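Reading through the structure tokens given below for one structure.
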Amino acid sequence: MTEQPDSSGDSLLALRLNKALELKQLGIDPFGHSFTGTIPISQVLQEFAEGRAVRIAGRMLTRRDMGKSAFAHIQDESAKIQIFLSRDSVPEQEFEVFKRLTDLGDILGIDGELFVTKTGERSVKARALHFLSKALRPLPDKWHGLTDTEQRYRQRYLDLIVNTEARDVLRKRFEITKEIRAFFEQRGFLEVETPMMQAVAGGAAARPFVTHHNALDLQLYLRIAPELYLKRLLVGGFEKIFELNRNFRNEGISRRHNPEFTMLEAYWAYADYDLFAAFVEDLIVHLARKFAYSGPLDFSPPFARVRYRDAVAEVAGEDWFSLTREQRRERAKMLGVEFAPDAEDYEVTQEVFEKLVEGQTQNPTFYTHLPRELVPLAKANSDDPSLVDVFELVIAGVEVSPGYTELNDPVAQRERLLAQSGGETQALDEDFLQALEHGMPPAGGIGIGIDRLAMILTGAESIRDVIFFPLLRPKSGTAGG
RNA sequence: GGGUCGGUAGCUCAGUGGUAGAGCAGUUGGCUUUUAACCAAUUGGUCGUGGGUUCGAUCCCCACCCGACCCA
């Protein structure tokens, strides 16, 4: 017990294990028990009244030991508060235990009464101390916190303990999804769950993750979108449904991409893309207000509505759509837009759109009337069948929400899916097509990229800041990840 | 995949071709209103990994690993 003290990694652990052992010998469980009747610290501070008895619990983050008295800060989920102990406020043995056997990071329960210090800080004078959990490893720097990005993501729990901003952003992300759910439910939508493991990965164009079911000896894919199952529910008679959950795409990782990400999809029978555009606008305006958005974007309604062709013509020239194939490619290069050598005309146009329109759009803008080649699952426009009834809501340079009038003609659907799959019939979800043949009501559908929306509303610069545990390559020697 | 930057004590960071330093955390002592508490003393490092150059490498070179950003 009196070995050479040092503070390198494992020795620090050994030292704290010894303290835990000593606590046990004193009849104190260092990893305590349920501790009920506590008041959130934020509430203690709000309803502060000197002399009032309170019970709080939380993690000790700082400590100032002054001989016969001591101060510390205790943090719970809601806030932190200073506690004061002295030989007079708690039994002498308890005071000694606090001084000698607690460490920064320990989770403590405190019974005490409220008072104000000389310097005016609202504090708790401890009357009794309860060990709830001993921390065997040290906290990051009390002043600088944890700044190493890699470690912040790998050990998110430390980030959450010491970096209030990180905690606030992530908390807000889940408050946003809670609010979105409430918004849909108030308007009569039912939240549903459909398969994440699918025999055919449909509903989007993306590389799927592959997995295998042993008992059925069946290759399955993690879903890239729930769309085809949600539409089966429209066939089955559900009229207003949404699903808010994870999709998986086996593609690159970047500031804006995580292989698993959260998507909301909603379908509304007997509606169309236009009704849904108004719905999405209401939702986003509501969220911006509810979460007191104060960034650079202007969320005041109505959002701009611009036709795809008009937007492209504005940046690429009024004559863009009357150019020949070669002229168009030349113009695109002049504009600094890159495209694949074998790109179709509409693909070159789409590159122009993505780089010069979408990428430059800051305030929420609906782009509508997209060319049908881009969106195989949407319904053709009745005035111009080369267009589809679709919107793309773009905010801060990224597509946040696409919305469609869904294609419900099973024959046309089959043709488009076949064209999209490059003629590979095995990639067709025959079961979905059969469902459509039973009749799907005309409907509007939308998606909302929840991570991106959360980034915009919280001002986060990276998708990793709105995901608790973003995917990282596991460090060699560590399990899992 | 390409480019740029980074990886040094538990955390935050300095630093040098001659064998590594600060602050915080830790340990010991002092201190009954502190709050980045303070005062005194003190422990702690395969300098990301592996090669190479060199009398000598944490530093220079090469490869690799991990991460961030930009580009594709």
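Keep in mind that what you see is a predicted model, and the values were worked out from it rather than measured.
Of the candidates G67(B), C31(B), A37(B), C31(B) carries the atom nearest the Lys68(A) side chain, counting heavy atoms from C-beta on. Which of U12(B), U34(B), A72(B) sits closest to the side chain of Glu338(A) comes down to A72(B). The listed nucleotides are G26(B), U32(B), G67(B); the one nearest the side chain of Leu15(A) is G26(B). The side chain of Arg255(A) approaches C70(B) more closely than any other nucleotide in the set C70(B), U33(B), U27(B). Listed nucleotides U33(B), A68(B), C11(B) differ in distance to Tyr153(A); the shortest reach to its side chain belongs to A68(B). Set against U32(B), C11(B), U27(B), the side chain of Lys19(A) has U27(B) as its closest nucleotide. Out of C11(B), A36(B), U33(B), the shortest distance to the side chain of Leu146(A) is found at C11(B). Comparing A36(B), U33(B), G67(B) against the side chain of Arg154(A) picks out G67(B) as the nearest. Counting only heavy atoms from C-beta on, Leu104(A) has its side chain closest to G26(B) among U34(B), U12(B), G26(B). If you check C31(B), U12(B), G26(B) against the side chain of Leu12(A), the one that comes closest is G26(B).
Contacts of Arg152(A) with the nucleic acid, taken as non-hydrogen atoms under 4.0 Å apart, are absent. No engagement by Phe95(A) is indicated, since no non-hydrogen atom pair under 4.0 Å with the nucleic acid exists.
Distance noted for atom P between G10(B) and U27(B): 16 Å (whole Å). Nucleotides C60(B) and C24(B), compared at atom P, are 30 Å apart to the nearest Å. Taking the C1' atoms as reference points, U42(B) lies 39 Å from G51(B), given to the whole Å. For the P atoms, the distance from U49(B) to U58(B) is 10 Å, rounded to whole Å. The separation of C65(B) from G50(B), taken at their C1' atoms, amounts to 10 Å, rounded to a whole angstrom. Rounded to whole Å, the P atom of G52(B) lies 33 Å from the corresponding atom of C13(B). U34(B) sits 25 Å from A22(B) when the C1' atoms are compared, rounded to a whole Å. For the P atoms, the distance from G21(B) to G6(B) is 23 Å, rounded to whole Å.
At the phosphate of G67(B), neither OP1 nor OP2 sits under 4.0 Å from any side-chain N or O atom of Gln151(A). Between Arg64(A) and U34(B) there is no side-chain polar atom (N or O) within less than 4.0 angstrom of OP1 or OP2. Residue Thr147(A) places at least one side-chain N or O closer than 4.0 Å to OP1 or OP2 of U12(B). For the OP1/OP2 pair of U28(B) and a distance below 4.0 Å, the side-chain nitrogens and oxygens of Arg100(A) include no atom meeting the criterion. Neither OP1 nor OP2 of A37(B) sits under 4.0 Å from any side-chain N or O of Arg63(A). Contact check, Lys142(A) against A25(B): a side-chain N or O comes under 4.0 Å of OP1 or OP2.
Checked by distance alone, Glu121(A) brings no side-chain donor or acceptor within 3.5 Å of a matching partner on the base of U33(B). A donor and an acceptor atom never sit less than 3.5 Å apart when one is taken from the side chain of Ser69(A) and the other from the base of U33(B). In terms of polar N and O atoms assigned as donor or acceptor, the side chain of Asp141(A) never comes within less than 3.5 Å of the base of G10(B) in a complementary pairing. In terms of polar N and O atoms assigned as donor or acceptor, the side chain of Asp65(A) never comes within less than 3.5 Å of the base of U34(B) in a complementary pairing.
The pair Arg156(A)-Asp159(A) meets the salt-bridge criterion, since a charged nitrogen lies less than 4.0 angstrom from a carboxylate oxygen. Classification of Arg59(A) and Asp106(A) as a salt-bridged pair fails, no side-chain N sitting under 4.0 Å from a carboxylate O. Using a 4.0 Å cut-off between charged nitrogen and carboxylate oxygen, Asp465(A) and Arg173(A) do not count as a salt-bridge pair.
Relative to the ring axis of Phe321(A), Arg309(A) places its NZ or CZ within 45° and under 6.0 Å from the centre. A cation-pi contact, defined as under 6.0 Å to the ring centre and within 45° of the axis, links Lys125(A) to Phe115(A). Both tests do not hold together for Arg246(A) against Phe261(A): distance to the six-membered ring centre under 6.0 Å, angle to the ring axis within 45°.
Whole-Å rounding puts the Asp106(A) CG to G26(B) P distance at 11 Å. At whole-Å resolution of the value, CD in Glu461(A) and P in C70(B) are 9 Å apart. At whole-Å resolution of the value, CG in Leu13(A) and C1' in G44(B) are 15 Å apart. In this structure, Asp148(A) atom CG and G10(B) atom P are separated by 13 Å, rounded to whole Å. The distance from atom NZ of Lys355(A) to atom C1' of C70(B) is 13 Å, rounded to the nearest whole Å. Between the CG atom of Asp159(A) and the C1' atom of G10(B) there is a distance of 17 Å, given to the nearest Å.
Summarising the local packing, CD of Gln155(A) is surrounded by more than 12 heavy atoms from other residues, nucleotides or ligands at distances under 6.0 Å.
In textbook terms, a nucleotide whose glycosidic angle is within 90° of 0 is syn, while U54(B), being further out, is anti.
When each of Thr102(A) and Asp88(A) is assigned the nucleotide of RNA chain B with its nearest heavy atom, Thr102(A) is the one assigned upstream, toward the 5' end. With the nearest nucleotide of RNA chain B identified for both Pro138(A) and Thr149(A), Pro138(A) has the one nearer the 5' end.
Tyr367(A) has its ring centre less than 6.0 Å from the ring centre of Phe353(A).
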